[in-house]
Each structure stands twice: as C-alpha cells, then as structure tokens.
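Since the structure comes first, as structure tokens, the remarks are kept for the end.
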Amino acid sequence: MNVELTYEPTDKQKVFHASEADEVLYGGAAGGGKSYAICWDAFMRLMKYPGTHAYLFRRTYPELEKTLVKTMLSIVPKELGKYTASTHELKLPGGSVAHFCHLSNEGEGLLKYQGAEIHWLYFDELTHFTKGMYDYLRTRLRAEKKLGIVPCVRSASNPGGPGHAWVKARFVDATDCGRVIREMPVKSEVLGSVEVRRIQYIPALATENPNITQDYIIELEQKPRALREALLLGRWDAFDGQAFPEFTDDPAHYDDRRYTHVIRPFSIPYHWPRYVSFDHGYTRPFSLGVWAVDEDGRVYRYKECYGCVSGEPNTGVMLSPGEIAQEMAMLLESEFEDGIRPVGIADPAIWDRSRGMSVEEQIRNGFGGITFRKGDNTRLPGKMQLHERLKFDEDGKPMLYVFENCRDFIRTIPGLVYDSRRPEDIDTSGEDHIYDETRYFLMSRPIAPRAQAARKKAKGFDPLAG
C-alpha cells in the first residue's frame, strides 16, 4: 500500500520535531502552528515506533474535538488510521494508538490515568492545566525496554490562563526565553544515581509561519495591548486576563524610581516602621515578606523568604512551623541586631486549633521575636489595596516599591490571573501565596482611592521655540 504524506514544517516546527529534550514547550504567540506540530509529532512517533501509545490532552472535551481530534484526522489518511469516537482513539498500523483525552480536575479526572502506560505525552494549551495535573501525568511516562524508546513530554501554549505562572517559570524563565536548554539534575535514592532531565522552550511567531495570511496578522494587531503583545509577540509578561497588568519592572528606572515598582536596594532609615507579613504553606509554598513604611505612607518590600522548591513553581518545601520559625529568625537577624522589632501580620487561619496546637503557637514557641496579629483576609478590598498602591502619581511614583532582590514577588505577581468563575477575584489555583501575605499587610495600612495620573511625555524639540 502506497500512501503519500505531505508535510512541510516551518523552521521552528523542525526544531520541535528534532528536539531530544525530555520536556519541550512550543509556541508563545498565536499562529505558530502549535496544534499542527503536536499532531504531526505524535503521528510520526507512533508510525516510527510500532506498539507505542501517545496521549494527547486538552482541558475540556469540546476543545479536544475542535482542535486535536479534528487536526489529527485531517493529516492521517484513512488507510493508515481508524478513529473510534466512543473511545476517542485512533489506531494505527503496528498496534500504535493515539488516545485523545480531556482533564477537568485534579481529583477523579486524574484517577482515570492511574494505570496508564504513556510513551508520548502531549498537552495543547499547557497553561490551561495545573502544575499538579502536569506532574501527575508525567509519572505515567514509562516503557518496557523491548520498545527501545525514551518517553517524553511535548506541549504547546499561548501565554495566559490559570497555569501561566508555573509554565512561564518552568520553560520560559528557566531557559532564558528559549536561548538555552535547561538541564535539571534528578537524584535517585533507590538507584544511587543522578540523571539529567533537559527542558526546552521553542518560541514561535505567526510571522514565522508561511501558512498564515496577512489578514490574520492584521487581526492580531487590532487586539487590546496586553492580548496583542501576548498573541502576536508571544510575550509572557503581558497577557489577557492578567490581574495586575499595571505592575512594572523597568531596570532603566531602578535608580530614579519613576514609573517602575521594582527599584535598587538602599539602606532603610532606622526610624521607618517595619512589618513582617506571613502566609503559611506546607505542600504549597509559605511566604514571608519584610516591609518598611516611609513618612508619606509609601511601602517598601525590601526582603523576603519564600518556601518554594527551586525550579518547581508553587511546590512547597514542606517545613514544619518550627522550621519556618527558624527561617524567620534568620530573615530578621539584622533587624534584631539593630534593636528593630517588626510588627507581624498573618493569615487568620494559622490560629486554627481544631487539629491541636495551632501553627501560630508552634511558630511562637520556635521564635518568640515576632508576635503576629490576625490579618484582614477580606479578598476584594485587599485586591483593591494592591491596585491603589500600584498606581503612579503625576511624578511617576507609586505607593508600593519592591527591592530587586525580592525575585519571587517580581516573578509571581505579574503571573496572577482572574478566576473564570469569580471574574472579580484572583484564581486561587495559581501561585498566590506572596499575593496573599501582601494583602494582609496592605489591609493593615489601607489607603483611600486615588486617580491614576497620566504618564508624562518627554518634551521633544520645538522648532518654533525661541
């Protein structure tokens, strides 16, 4: 049987197919041929390695049907594949199978794949998935030695969505926006060895896809700024649904502190009041922020301690309250040496004694230098306080600054998105722990609403000036 296949991949799609990394993210901008690349990649692997299984995921079944199923059926000739709609499976010669899957939640949704043996794992629109979903399904990657294959993960996505922050951190930030392939050592206590997992990000733009029409490019250019920059330029620091698009990190203004929230560290005056805000976490990160307040009520986050596994966003280091107390003591060592006693503000939940000694009591027993008071956990007023603090005045100065060494604040706040079910609030499935302790602090010193000043334009040359 002679079957002719026609596929002319773009240069970026060729890089995607040729990659030998363990995990690859393809895309960024719209129109880069993401779904097409995923389906061709899966089809080619299944044909090359008989008896293997590819699992292709979208978050919902309607999305799955309209994208991956539709695309796969358009490229696989009927002579080579038989699709069964009831099981969402495409069977190919040699016993290979493409399984089309959707995943609505981390509970019962994941249990369906508990016994799966996944050889090739694909995610379309990875930012629509939680990190828990991604991590669990990666544990299903396995293959018998006789197959002679190395299972891998291949994903595609645009910026935005509830998983934006963790996807950006794992693939975009860790690879310097695709300039390098990240190597992650993985130690096996059982085998007594260390293996290296390679992670790659391949950015692709619509302008690099010869199959995209000019009309499509022009249409993307007409979108609102954040959506345009995300879809047309593939920018991961500006996207539709971003909760705090006003947050600005401009290194050019770190010293003059105008029109930027991130600034160069400086010596905090002794007489400025100090605060410590705390959000507890175990399997999720805990967060400690240290703040100073100047004479005008402007706040400065000048250092922090974030209990997150390096390279694994939104994954806690699982420290006990007593161990967190020791981290707190080290964080505040210089303040205590200078005789400064910051005021503590924390999530009211740490006073819960329904399961025995509360987290607050355990921390107090481990480090008595800080006495916490209950923070105001009213969500929407707390969110509005952060918006108010981020506004620039007529001189380009906000009411909240962050020292450039507070890298986790700078990383996580821009990645927060709105909840699709409660569009006025933050999606709590994201990495919101620093945001939460920031809310507790800001609600202890609320400011009144004020107008956003228009940014002053630089004066240009006036040919009529005398």
_Looking at every heavy atom in both His387 and Ala243, which two are closest together, and how far apart are they?_
CE1-O, 3.2 Å

_The single option from Gln200, Arg198, Arg138 passing side chain to side chain contact (heavy atoms under 4.5 Å, CB included) against Glu23_ = Arg138

*asked:* Quick check: do Tyr302 and Val402 have side-chain heavy atoms less than 4.5 Å from each other?
replied: no

*Checking Lys383 against Phe244: charged group under 6.0 Å from the ring centre and within 45 degrees of the axis?*
yes

*Arg59 side chain to Asp124 backbone, donor-acceptor under 3.5 Å*: no

*Chi angles and distances behind the side chain to side chain contact (heavy atoms under 4.5 Å, CB included) call for Tyr36, Ile75*: CA-CA 9 Å; Tyr36 207 60; Ile75 66 176; 3.6 Å; yes

*Check whether any side-chain N or O of Tyr201 sits under 3.5 Å from a backbone N or O of Gly27 as a donor-acceptor pair, and report yes or no.*
yes

*Walk me through it: do Lys12 and Lys34 pass the test side chain to side chain contact (heavy atoms under 4.5 Å, CB included)?*
CA-CA 10 Å; Lys12 289 296 179 68; Lys34 298 185 301 300; over 6 Å; no

*Could you tell me whether the side chain of Cys305 reaches within less than 4.5 Å of the side chain of Phe286, counting heavy atoms only?*
yes

*asked:* Please determine whether a side-chain nitrogen of the Lys or Arg among Glu312 and Lys131 lies less than 4.0 Å from a carboxylate oxygen of the Asp or Glu.
replied: yes

*Does atom CD of Glu20 have more than 12 heavy-atom neighbours, drawn from other residues, nucleotides or ligands, at distances under 6.0 Å?*
no

_Using a 6.0 Å distance limit plus a 45 degree cone around the ring axis, check whether Arg439 lies over the aromatic ring of Tyr435._
yes

_So which atom in Pro50 and which in Leu147 form the shortest heavy-atom distance, rounded to 0.1 Å?_
O-CD2, 4.1 Å

_Pair Asp250-Thr248, side-chain donor/acceptor within less than 3.5 Å_ = no

*More than 12 foreign heavy atoms under 6.0 Å from OH of Tyr49: is that the case here?*
no

_Heavy-atom donor-acceptor pair, Arg45 side chain to Ala42 backbone, under 3.5 Å_ = no

*Mind listing the closest non-hydrogen atom pair of Gly281 and Ile324 along with its distance?*
O-CD1, 4.1 Å

*Answer yes or no: is there a donor N or O on one side and an acceptor on the other, between the side chain of His99 and the main chain of Leu90, under 3.5 Å?*
no

*If you round to the nearest 0.5 Å, how far is SG of Cys152 from CD1 of Ile118?*
11.5 Å

_Centroid separation under 6.0 Å, is that true for the rings of His17 and Trp40?_
no

*For Phe129, check ring-ring contact (aromatic ring centres under 6.0 Å, His included) against everything at least two apart and list the hits.*
Phe123

*Decide if the gap between the ring center of Tyr300 and the ring center of His261 is smaller than 6.0 angstrom.*
no

_Heavy-atom pair with the smallest gap, counting every atom of Thr60 and His102_ = C-CB, 3.6 Å

*Are any side-chain N or O atoms of Asp393 and backbone N or O atoms of Lys397, one a donor and one an acceptor, separated by less than 3.5 Å?*
yes

*Classify the angle between the aromatic ring planes of Trp166 and Phe171 as parallel (below 30°), tilted (30 to 60°) or perpendicular (above 60°).*
tilted

*asked:* Determine whether the aromatic ring centres of residues His88 and Phe100 are separated by less than 6.0 angstrom.
replied: no

*Count the heavy atoms belonging to other residues, nucleotides or ligands that lie under 6.0 Å from CD of Glu404, then report whether that count exceeds 12.*
yes

_Short side-chain to backbone donor-acceptor contact, Thr127 and Pro159, under 3.5 Å_ = no

*Is Lys168 salt-bridged to Glu431, going by a charged N under 4.0 Å from an acidic O?*
no

*How long is the span from the CG atom in Leu64 to the CG atom in Leu103, to the nearest 0.5 Å?*
11.0 Å

_Donor on one side chain, acceptor on other, His253 and Asp256, under 3.5 Å_ = yes

*How about Met318 and Arg284: do any of their side-chain heavy atoms sit closer than 4.5 Å?*
no

*Looking only at heavy atoms, what is the nearest atom pair of Phe16 and Ser155, with distance?*
CE1-O, 4.2 Å

_Centroid-centroid distance, Tyr275 to Tyr440, less than 6.0 Å_ = no

*Pair Lys391 + Glu388: basic N to acidic O under 4.0 Å*: yes

_Main chain of Asp408, side chain of Glu304: is a donor-acceptor contact present, judged purely on distance under 3.5 Å?_
yes

*Interatomic spacing from NZ in Lys70 to OG in Ser35 - rounded to 0.5 Å*: 11.0 Å

*How far does CD1 of Ile263 sit from CZ of Arg301, to the nearest 0.5 angstrom?*
13.5 Å

*asked:* Could you go through Leu68 and Ile38, starting from their C-alpha distance and side-chain angles, then the distance that decides it, and tell me whether this counts as side chain to side chain contact (heavy atoms under 4.5 Å, CB included)?
replied: CA-CA 8 Å; Leu68 296 180; Ile38 279 181; 4.1 Å; yes

*Would you please say whether a donor-acceptor pair under 3.5 Å links the side chains of Asp249 and Tyr254?*
yes

_Under a 3.5 Å distance rule, please check whether Thr84 uses its side chain to pair with a backbone N or O of Ser86 as donor and acceptor._
no

*Taking all non-hydrogen atoms of both residues into account, name the closest pair between Trp120 and Val150 and its distance.*
CZ3-O, 3.5 Å

_Glu117 side chain to Ala143 backbone, donor-acceptor under 3.5 Å_ = no

_Tell me whether Arg257 forms a cation-pi arrangement with Phe266, defined as NZ or CZ under 6.0 Å from the six-membered ring centre and within 45 degrees of its axis._
yes

*Hey, does the side chain of Ser96 reach the backbone of Leu46 with a donor-acceptor pair shorter than 3.5 angstrom?*
yes

*Report yes or no: do Ser287 and Asp279 form a side-chain donor-acceptor pair below 3.5 Å?*
no

_Reported CG-to-CG distance for the pair Leu442 and Leu400, which is rounded to 0.5 angstrom_ = 6.0 Å

*For Asp425 and Tyr418, does a side-chain donor sit closer than 3.5 Å to a side-chain acceptor?*
no

*Say whether Lys303 and Ser334, considering side chains only, have a donor N or O and an acceptor N or O under 3.5 Å apart.*
yes

_So Met384 and Arg389, do their side chains get closer than 4.5 Å, heavy atoms only?_
no

*Got a second to check how far Tyr122's OH is from Leu137's CG, nearest 0.5 Å?*
15.0 Å

*Could you note down all residue pairs passing salt bridge (charged side-chain N to carboxylate O under 4.0 Å, His left out) where residues 81-98 supplies at least one of them, sequence neighbours left out?*
none

*asked:* Does this structure show an ion pair linking Arg58 with Glu65, if we count only N-O contacts that are shorter than 4.0 Å?
replied: no

